[in-house]
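Some notes on the structure that comes next.
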Number of protein chains: 2
Amino acid sequence: MQNSSPPKMNATEQAYHGIRNDILTGRLKEGERLTETRLSDDLGLSRTPIREAIGRLILEGFIERQSGYTTRVAHFPEDEAEQVYEIRRLVECYSVQRAARLATEEDIAALRRIHAAMQADTPPRDQAAYQRLTEANEEFHRTIVAAARSPRLTALMTTALDVSMVVRTYSMFSEKDLRRSLNHHAELIDAIEARAPDWAASVMSAHLLAGAARVAARLKTAGSDDGQD
Amino acid sequence: MQNSSPPKMNATEQAYHGIRNDILTGRLKEGERLTETRLSDDLGLSRTPIREAIGRLILEGFIERQSGYTTRVAHFPEDEAEQVYEIRRLVECYSVQRAARLATEEDIAALRRIHAAMQADTPPRDQAAYQRLTEANEEFHRTIVAAARSPRLTALMTTALDVSMVVRTYSMFSEKDLRRSLNHHAELIDAIEARAPDWAASVMSAHLLAGAARVAARLKTAGSDDGQD
DNA sequence: GCGCGCTGATCTGCATGCAAAATGCAGCGT
DNA sequence: ACGCTGCATTTTGCATGCAGATCAGCGCGC
């Protein structure tokens, strides 16, 4: 199910995304023991890329080393999604504050470009459009963090935002949600361009709290049909 | 200079700490190109642990992949230390808020134990005492984050707090600073025990801002005698 | 004289081999 | 019947080998 769509990816990335995906979709259950050999067999790769992927997943908290030679899938609390949104709120509100002070014209132009692309895909006509929206959204947020000109934040983001995909949000946005999200993005750009850090931070906070609320509402109703890609 | 003190460490950790140390002390200069072969020669290890260390250092932002086969030491902005303290403030204030709600009796007992050990070493009589203080301090903060019961936060912390050691702060604390820091710690424990999230967060904020101010003051005066160990 | 393509050297990504450490199971002793 | 010790197996950590990609310097053409 995840084999053919991204054609160009080196073995380590394949291993990383493959294992992570298997954890998120539940193919690898919480607490299950992992061995490099089995994973390398399952994914058709050698142990080296598997090792590197496992190392990263341990750093990110998806996998835990118990003692010596025992490695297990981590156990996730039920408030995982809420946690991710809270942490993103901390990091991204701060980032956008800095971005409002430090963003260059190029940064702002890039944001506008991404925003335009997202508008063109709203409402999304097919699955591919959803895919593009999700990726553009990530790119948008990543661009803001990059505009904050802090290598530390960027490094944190590659951990935290990747994690945020735990809940592949965009595929469950209603059109109303999507439009609101787009409006937030537009307002964020305006606030950055106006060099108004507090304005930008407030919008970002609303943006992420809205996202969190949507996920929370969804988790309350449905609990079964996840794991769609 | 970093070879004999920690006797038990596997090759990957050795590589990680070795390279990171060489970057922090300036032995590897900003922008310098790195090759696995040279590093493995320098550190007397094979390429495999070097590769894994490089991978982690890239995630943490110490090293950058330029294009294809070119890997360089990252370039650090001058406000690096300030950045680290700001990010820690975001993450740790939030952590201690959660800790104030979720900490167990064991967590609080552990904090008290660490605190007592730090008091016993204050004022520090020798270099070893400084070392112990630094480590106990890290352990204290890590314990608080762990008490927040959020794997995400913990994962973030292993990136962000490790980074914070960029500035090996404790060796430049005056006795007054040390006492204030200890008082903060004591107050943090009390606030957590009293289940007072906002109180705890405020103290943590003060604690880290005080630390940041100290570093800032130091960077303003001295700029030469760093790189001690 | 200067730019461009080409070739050799270098470097990374990945696979595999090997030794040491850990696991777990069976047989022994109590 | 139960716990413990010892051994076979498994698993990781690290080293090394190899192929493809990249880089750097040279010669050729303009």
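Residue numbering restarts at 1 for every chain, and letters A, B, ... go by the order of the sequence lines.
- At a threshold of 4.0 angstrom between heavy atoms, the contacts of A/Thr35 are confined to the sugar-phosphate backbone, with no base atom among them.
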A/Arg149 vs B/Asp79, salt bridge (charged side-chain N to carboxylate O under 4.0 Å, His left out): CA-CA, chis, key distance, verdict: CA-CA 10 Å; A/Arg149 299 281 180 280; B/Asp79 69 344; over 6 Å; no
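- Between A/Glu32 and A/Lys29 no salt bridge is recorded (no basic side-chain N to carboxylate O distance below 4.0 Å).
- For the pair B/Glu13 CD and D/dG13 P, the interatomic distance rounds to 11 Å; values are reported in whole Å.
- When each of A/Tyr69 and A/Thr48 is assigned the nucleotide of DNA chain C bearing its nearest heavy atom, the one mapping closer to the 5' terminus is A/Thr48.
- In this structure, A/Thr70 does not reach the D/dT11 phosphate: none of its side-chain N or O atoms is under 4.0 Å from OP1 or OP2.
- A salt bridge does not link A/Glu135 with A/Arg132: none of the charged nitrogens is closer than 4.0 Å to a carboxylate oxygen.
- Backbone-only engagement by B/Leu34 is indicated by non-hydrogen atom pairs under 4.0 Å involving sugar-phosphate atoms exclusively.
- The existence of a salt bridge linking B/Glu52 and B/Arg56 is excluded, since no basic side-chain nitrogen approaches an acidic carboxylate oxygen closer than 4.0 Å.
- In this structure a side-chain-to-backbone donor-acceptor pair under 3.5 Å is missing from A/Thr70 to A/Gln66.
- Once you apply a 4.0 Å limit to the heavy atoms of chain A, the touched nucleotides of DNA chain C run 5' to 3' over C/dC14 to C/dG24.
- For the pair B/Arg47 and B/Arg33, both in contact range of DNA chain D, the more 5′-proximal nearest nucleotide belongs to B/Arg47.
- If A/Ile54 and B/Ser46 are placed on DNA chain D by their nearest nucleotide, the residue sitting closer to the 5' end is A/Ile54.
- Between A/Arg72 and A/Glu64 there is no salt bridge, since no side-chain nitrogen of the basic residue lies less than 4.0 Å from a carboxylate oxygen of the acidic one.
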